[in-house]
Asker: 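Below is the structure I would like to discuss, written out as structure tokens.
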Amino acid sequence: MSYEGNPELAIVPFPPDLEWINAPAPLTIQDLRGKIVILDFWTYGCINCIHMIPILRALEEKYPNELVVIGIHSAKFTNEGETENIRRIVQRYNITHPIINDHQFIIWQTYGIQAWPTLVVVDPRGNVLAAQSGEIPLEPLDALIAAMVDYWDEIGELDRTPLAYSSKADNQTARLLNFPGKVTVDGANNRLFIADTNNNRIIIADLTTYAVLDIIGSGIYGYADGTFEHTQFRQPQGMTLHDNILYIADTNNHTIRAADLKQRTVVTIAGTGEMGSGVLPFGMNIREPRAFQLRSPWDVEMGDDDTLYIAHAGSHQIFAMNLSTRMLSPVVGNGREALVNNQLATSELAQPSGLYFMANVLYFADSESSTIRAADFHNNVVLTIAGTLQNNLFDFGDVDGAVGTSRLQHPLGVTGSPDGTIYVADTYNHKIKAVDSTMTTHTLLGLSGGGYTDGGQDTAQFNEPGGLDYHNGQLYVADTNNHVIRVIDLMTKTVKTITFPNPERLQIANKLTVIDNNMETIITLPTQTLAAGDIYITLRLILPEGHKLNPNAPSYAEFDCELAQRISMPITDTEMRITVAFTNGEGRLYGEFNIYYCEATNESLCFIDRFRLDTPIIITDTGERNLIISRDLPLAKQG
């Protein structure tokens with residue numbers, strides 16, 4: 001089979017006056033000869049584009065010298081067209097391939113692109129082989145690239161010479177906070193919770209002094225339940241508090257996590273750690289949320305009667321989870337991306353990203369429609385309270401006034417005060433706005449273009465604020481691109497930046513360079529007949545020669561079964577035993593394992609091996625009391 005493209009659809013030279021990111025100089029067509037090239041047409045606020053980032057990263061890691069990915073950033077929103085804003089998002093999502101700012105849609109029009117995201121695959125002769133819009137799973141893309149590598153290698157036209165462009169996102173800087181996404185206030189206990197999103201952790205600070213009280217998460221980008229020190233997140237966003245449990249939207253793990261603030265432990269209550277696909281029909285009940293794959297939950301909010309609402313941005317819906325029954329179901333939106341107000345079941349949303357509940361109404365920042373909308377559960381309707389009333393996802397701007405006249409630009413946060421005022425993080429306008437009881441919007445603070453300045457209405461500046469919360473006459477704002485938390489005094493209409501009196505608590509000690517080899521394996525054993533009572537499970541790890549477990553990284557194992565209590569344990573040796581008490585019956589034993597190991601002579605380079613156990617078991621009075629799980633860890637390769 002030939003993997004040659006159409007010579008009539010050859011890749012064209014990039015316009016000379018466009019700005020590049022992650023490249024010391026613009027790439028030329030000659031630079032790309034002999035390479036397989038993917039042109040990724042994207043815009044950074046689009047959730048479907050965000051979903052393609054880890055897929056493209058996996059291909060880049062697998063084919064480091066054969067494949068070149070070039071991001072063609074063709075902005076939907078005005079704010080997204082600024083090169084410095086694109087540079088920040090490249091840092092936020094750790095994108096390492098070259099990016100072109102195509103804000104005038106020159107390259108977009110050349111290739112006849114019509115939707116975000118769209119991938120264009122180019123062969124080593126520079127001819128377009130294929131183009132596809134929408135989210136594309138890793139498996140078919142991998143199969144195509146693998147076949148192209150084999151074909152062009154066989155005919156001697158594949159060039160494996162590395163290209164000279166950056167292997168790290170531009171301008172990476174160590175910070176106390178790193179793109180904080182959301183904040184939540186616990187006024188009753190004088191606490192402030194901060195989603196330190198790109199440091200993959202949650203900060204708990206004193207609401208009066210801002211002293212750091214505790215940290216949830218190791219700071220390592222990963223997925224692990226356990227103690228606060230052991231827990232791993234992937235860019236967490238929204239939080240809400242209920243009965244001293246902090247519920248967290250762990251966005252890039254596609255899960256909802258529950259942090260017990262007394263026991264200092266974290267467990268997953270919804271999601272598997274893998275991104276789902278498609279749309280869950282309105283009203284369908286999921287009885288085991290931990291077996292259901294979520295899609296980029298961006299915020300969570302408590303309602304009435306133990307109801308946890310989830311801004312399910314990736315399917316353009318809002319879910320509800322009953323914390324007593326653990327039942328999960330969509331309660332707003334049919335899953336089509338649009339701005340259509342109707343009954344809860346038939347309304348259409350566009351990437352809900354922020355939630356606020358009051359008096360049986362759930363307000364939500366509908367980011368891609370640039371509106372604030374409200375789901376009225378008493379009257380079974382959705383309505384818009386700020387922004388356009390038209391079903392037009394390109395009808396955005398920066399205009400104060402009555403609903404329908406007012407315009408916002410990709411808002412991500414919403415909260416409210418006891419007097420009924422709704423406050424908005426108008427993210428891409430770099431402003432904080434207020435919506436009164438007549439659904440009239442006015443700017444509270446912030447100047448067009450963004451920046452970083454404390455002060456009053458004439459001077460205060462923000463840069464893409466992503467979340468906010470109200471308490472006692474003040475707004476607490478996650479000023480995302482400024483990497484700080486700001487406090488607005490609503491009486492004086494002034495803003496100040498909080499400082500931590502003990503900043504040393506925020507340092508991430510011994511932070512490792514981690515290479516995720518994207519090698520998750522599922523181990524399935526034959527049916528195991530085990531004895532009721534205590535069973536001894538032995539985990540045996542066989543490391544590659546010249547490697548060792550890293551004592552500074554939190555390797556862990558977790559076992560779960562309907563016939564036993566869920567158990568998590570840290571892994572500190574290559575052979576460990578755990579005792580698990582089983583009751584009689586039939587079921588399945590599940591395990592999740594994250595192993596960090598290093599070259600013995602280069603301890604700063606740590607690799608991850610993820611694998612799972614899924615095996616049927618029968619528990620009887622006469623079964624075996626020992627179960628051995630053995631795993632040969634792969635020889636890790638740097639991407």
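Just so it is clear, the model here is predicted, and its values are computed rather than measured.
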Asker: May I ask you to check whether Phe105 and Tyr111 place their ring centres under 6.0 Å from each other?
Answerer: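 No - the distance between ring centres of Tyr111 and Phe105 does not fall below the 6.0 Å cut-off.
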Asker: Does Arg486 make a cation-pi contact with Phe462 (under 6.0 Å, within 45 degrees of the axis)?
Answerer: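 Yes, a cation-pi geometry holds between Arg486 and Phe462.
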Asker: Minimum heavy-atom separation for Phe357 and Glu301, please, with both atom names.
Answerer: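 Here Phe357 and Glu301 meet closest at N-OE2, 2.9 Å.
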Asker: Between the main-chain N or O of Thr421 and the side-chain N or O of Asp419, is there a donor-acceptor pair closer than 3.5 Å?
Answerer: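 Checking the backbone N and O of Thr421 against the side chain of Asp419, a donor-acceptor pair under 3.5 Å is found.
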Asker: Look at the aromatic rings of Trp20 and Phe14 and report parallel, tilted or perpendicular, splitting at 30° and 60°.
Answerer: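 Ring orientation of Trp20 relative to Phe14: perpendicular.
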Asker: Are Arg87 and Glu84 ion-paired here, with the side-chain N under 4.0 Å from a carboxylate O?
Answerer: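 Counted as a salt bridge, because a side-chain N and a carboxylate O are separated by less than 4.0 Å.
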Asker: Who are the salt bridge (Lys or Arg N to Asp or Glu O under 4.0 Å) partners of Arg326, not counting sequence neighbours?
Answerer: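 Once residues adjacent in sequence are excluded, Arg326 has no partner under the salt bridge (Lys or Arg N to Asp or Glu O under 4.0 Å) criterion.
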Asker: For the ring pair His483 and Phe179, is the centre-to-centre distance below 6.0 Å?
Answerer: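 Here the rings of Phe179 and His483 have centres that are less than 6.0 Å from each other.
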Asker: Would a distance-only check, ignoring hydrogens and angles, find a side-chain to backbone donor-acceptor pair under 3.5 Å from His254 to Ser296?
Answerer: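 Checking the backbone N and O of Ser296 against the side chain of His254, a donor-acceptor pair under 3.5 Å is found.
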Asker: Before giving the answer on side chain to side chain donor-acceptor pair (under 3.5 Å), spell out for Tyr44 and Asn79 the whole-Å C-alpha distance, their side-chain angles and the decisive distance to 0.1 Å.
Answerer: CA-CA 10 Å; Tyr44 72 70; Asn79 183 70; 3.2 Å; yes
Asker: Assess whether a salt bridge exists between Glu368 and Lys76, defined as any Lys/Arg side-chain N lying under 4.0 Å from an Asp/Glu carboxylate O.
Answerer: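 Yes.
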Asker: Starting from the C-alpha separation in whole Å, work towards a yes-or-no answer on side chain to side chain donor-acceptor pair (under 3.5 Å) for Gln351 and Ser353.
Answerer: CA-CA 6 Å; Gln351 206 171 308; Ser353 302; 4.6 Å; no
Asker: Is a side-chain donor or acceptor of Thr441 paired with a backbone partner of Asp400 at a separation under 3.5 angstrom?
Answerer: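 No, the answer is negative, given that no donor and acceptor are paired below the 3.5 Å cut-off.
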Asker: Taking Arg295 first and then Glu135, would you say they form a salt bridge - that is, a charged N and a carboxylate O separated by under 4.0 Å?
Answerer: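 Result for this pair is yes, salt bridge flagged.
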Asker: Classify the ring geometry of His410 against Phe77: parallel below 30°, tilted from 30° to 60°, perpendicular beyond 60°.
Answerer: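 Ring orientation of His410 relative to Phe77: perpendicular.
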Asker: May I ask you to say whether Asp426 pairs ionically with Lys431, meaning some side-chain N is under 4.0 Å from a carboxylate O?
Answerer: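 So Asp426 does not pair with Lys431 through a salt bridge.
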Asker: Give a yes or no on this: more than 12 heavy atoms of other residues, nucleotides or ligands lie within 6.0 Å of atom CG of Asp304.
Answerer: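 It does: Asp304 CG has more than 12 such atoms within range.
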Asker: Within 45° of the ring axis of Phe396 and under 6.0 Å from its six-membered ring centre, is that where the NZ or CZ of Arg407 lies?
Answerer: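 Checked: cation-pi criterion not met.
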Asker: Assess whether a salt bridge exists between Glu464 and Arg92, defined as any Lys/Arg side-chain N lying under 4.0 Å from an Asp/Glu carboxylate O.
Answerer: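 Yes, Glu464 and Arg92 are salt-bridged.
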Asker: Got a salt bridge between Lys433 and Asp398, using NZ or NE/NH1/NH2 to carboxylate O under 4.0 Å?
Answerer: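 Between Asp398 and Lys433 there is a salt bridge, with a charged N closer than 4.0 Å to a carboxylate O.
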Asker: Which atom pair, heavy atoms only, marks the closest approach of Asn48 to Pro117?
Answerer: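 The pair with the smallest heavy-atom distance is CB-CD, 3.7 Å.
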Asker: Considering only NZ, NE, NH1 and NH2 on the basic side and carboxylate oxygens on the acidic side, decide whether Asp560 and Arg290 come within less than 4.0 Å.
Answerer: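 Arg290 and Asp560: salt-bridged.
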